[in-house]
There are 2 protein chains.
Amino acid sequence: MQDLSPPKNVQTSIDEAVVSGILSARIRPGTRLSENEVASLFNVSRTRVREAMMRLEQRGIVKVSPRRGWFVVEPSAEEAINVYAARRVIEAGLMRSMSRLTEAGRDKLHAHLAEEKTAIAAGDRQRLTCLMGDFHIRIAELSGNAILVEILRDLTARTILISLIYQSEFHAMQSHLGHCRIVAAMEEGDFLKAAELAIEHLDEVETGLDLTRRPDPLADLRHSLSLPPQTAVPSSNASRKPNHETNRGE
Amino acid sequence: MQDLSPPKNVQTSIDEAVVSGILSARIRPGTRLSENEVASLFNVSRTRVREAMMRLEQRGIVKVSPRRGWFVVEPSAEEAINVYAARRVIEAGLMRSMSRLTEAGRDKLHAHLAEEKTAIAAGDRQRLTCLMGDFHIRIAELSGNAILVEILRDLTARTILISLIYQSEFHAMQSHLGHCRIVAAMEEGDFLKAAELAIEHLDEVETGLDLTRRPDPLADLRHSLSLPPQTAVPSSNASRKPNHETNRGE
DNA sequence: CTTACGCATCTTGTATGCAAGATTTGTCGC
DNA sequence: GCGACAAATCTTGCATACAAGATGCGTAAG
């Protein structure tokens with residue numbers, strides 16, 4: 001799909017490598033990104049790594065803990081809610097602003113849905129994570145608006161990090177069907193319905209989160225030792241109903 | 001309103017100073033921001049200035065021309081169209097997602113409208129520019145969603161830069177009335193109507209742009225010499241009808 | 001065995017130095 | 001006077017050096 005080779009010689013190769021690693025779920029939330037290590041991996045000095053980190057921090061993808069290190073963000077429950085709310089606002093707004101689906105656009109969406117299907121059949125979870133996020137970027141691309149694509153790309157990255165923290169299992173087929181319904185509505189030219197379906201779809205996913213779960217600081221070690229994830233901390237209230245009515249006064 | 005003093009001792013004081021300067025129209029599009037000059041203004045080394053520039057570049061507020069310097073962006077016509085389209089999508093989506101207006105929220109909006117009114121009476125154009133942009137940030141703040149506020153804040157900054165390039169005169173009263181209508185609809189609890197009004201309002205402003213106009217490289221010098229702005233380059237097709245139907249297939 | 005302290009190590013924060021390229025300016029030739 | 005060339009100047013790009021703080025480990029005291 002994309003090329004993921006680190007030694008690409010552009011100005012933003014570091015940024016892209018990190019984002020691409022997150023979008024494909026190869027990098028977990030909370031991962032430390034040492035300036036020195038990244039610098040040697042890319043054969044550059046810390047200067048350029050820091051500049052990349054500054055950009056990534058601005059995008060809400062990494063955070064610095066002073067004199068401790070850079071870490072891939074672990075969105076809090078509140079941030080997770082905000083990310084989903086923002087996505088509902090933007091994606092629904094986007095669909096309502098559309099007036100028709102071109103043939104080229106339809107073909108791209110169909111191609112994407114086909115990829116999702118084969119990945120589900122293959123059961124490749126990493127690839128699925130990547131594709132499930134990409135779908136929403138594909139939608140944004142239909143608008144031809146680079147600004148919206150960028151915004152949704154970064155929100156998608158954060159969404160993936162959120163799901164890695166708060167989502168116990170992912171219902172790939174459910175999401176896939178949601179995507180299919182959205183595309184179908186768009187093909188009918190019913191973009192209001194598509195918008196509603198998009199909101200429902202995001203609700204479904206958000207409902208599947210367990211936001212009472214705390215980010216697990218041992219996740220990477222746990223994974224390295226092939227231990228089952230997070231079984232020691234069961235939480236009541238495992239799935240909530242998202243309440244996305246925005247009415248706060250301040 | 002905000003404090004605009006440069007020597008504020010936080011980590012992002014440079015970023016804030018630049019953005020605040022743009023939001024209040026004190027910094028024109030195309031302004032060069034020399035690393036050395038900014039560094040001495042803030043009594044820091046170029047390192048921190050560069051880091052700030054990296055963040056601002058990521059936000060679409062400055063651009064670097066290799067080995068020539070950093071410049072406040074001058075959005076192209078296409079970018080201008082995209083900015084307005086993105087704002088329509090997000091602001092309309094935001095309003096449609098709201099279910100009610102709290103008293104505190106209503107009070108803040110009314111306070112803001114009152115400020116607009118007094119600024120119009122005073123005829124303070126810089127302050128007006130600032131307020132007209134702030135209104136949309138106030139709306140985003142109602143949602144309590146920090147992510148959306150950030151996104152709209154940066155889009156507003158770009159909008160101001162766009163208007164400084166492409167807008168010959170600004171119809172402050174027209175904008176103010178648009179804002180009043182939006183607030184009225186929200187007070188009625190009719191957020192669908194508010195969304196439609198927001199789209200109309202943005203359309204109005206976009207229609208008032210003359211996107212055939214090229215950014216004037218001599219603008220600051222011209223201004224310093226108190227010459228009349230841009231009279232030498234008249235352009236036909238002075239105001240267009242915005243076409244914001246998004247239907248591109250790729 | 002447990003706890004507290006201190007040093008060694010590793011991290012980022014910041015400044016600075018140098019190189020490469022772009023621009024400008026001054027000068028020379030016509 | 002006018003245009004072309006060249007040096008001087010200014011810009012960012014990038015690496016490196018050093019300082020300040022956080023962490024962890026070993027050791028010693030209780």
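Each chain gets a letter, A, B and so on, in the order its sequence line appears, and its residues count up from 1.
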Let me know, please, whether A:N43 or B:S34 comes out on the 5' side of the other along DNA chain D by nearest nucleotide. B:S34
Taking C-beta and beyond as the side chain, do A:S175 and A:V205 meet within less than 4.5 Å on heavy atoms? yes
Lys/Arg-Asp/Glu bridge criterion (N-O < 4.0 Å) met for B:E79, B:R158: no
In whole angstroms, the gap separating P of D:dA15 from CG of A:N36 amounts to 13 Å
Return the value, rounded to whole Å, for the distance between atom CD of B:E37 and atom P of D:dT9. 18 Å
Atom pair distance, as rounded to whole Å: CZ in A:F42 and C1' in D:dA15: 18 Å
Are any of A:Q11's side-chain N or O atoms less than 4.0 Å away from OP1 or OP2 of D:dT12? no
Holding to side chain to side chain contact (heavy atoms under 4.5 Å, CB included), I want the full list of residues that pass it with B:R68, two or more places apart in sequence or in another chain. B:S65, B:F71
Ion pair present between A:E141 and A:R138, side-chain N to carboxylate O less than 4.0 angstrom? yes
Using heavy atoms and a sub-4.0 Å distance, could you list which residues of residues 44-59 of chain A are near DNA chain D? By number, please. A:V44, A:S45, A:R46, A:T47, A:R48
Is there a side-chain contact between B:R88 and B:D203 (heavy atoms, below 4.5 Å)? yes
Hits for side chain to side chain donor-acceptor pair (under 3.5 Å) against A:T47, two or more places apart or cross-chain, chain-then-number order -> A:S45
Taking only distance into account, with no hydrogens and no angle test, what donor-acceptor pairs under 3.5 Å do side-chain atoms of residues 52-61 of chain B form with protein atoms, sequence neighbours excluded?
unit_1, atom_1, unit_2, atom_2, d
B:R55, NE, B:D15, OD2, 2.8
B:R55, NH2, B:D15, OD1, 3.1
B:R59, NE, B:D154, OD1, 3.2
B:R59, NE, B:D154, OD2, 3.2
B:R59, NH2, B:D154, OD1, 2.9

Nearest-angstrom distance from the residue atom NZ of A:K63 to P of C:dT12: 16 Å
Residues that B:R87 engages under side chain to side chain donor-acceptor pair (under 3.5 Å), provided they are two or more places apart: B:E91, B:H136, B:T159
Return the polar atom pairs (N/O with N/O) between nucleotides 21-23 of chain D and the protein under 3.5 Å, or none.
unit_1, atom_1, unit_2, atom_2, d
D:dT23, OP1, A:R68, NH1, 3.0

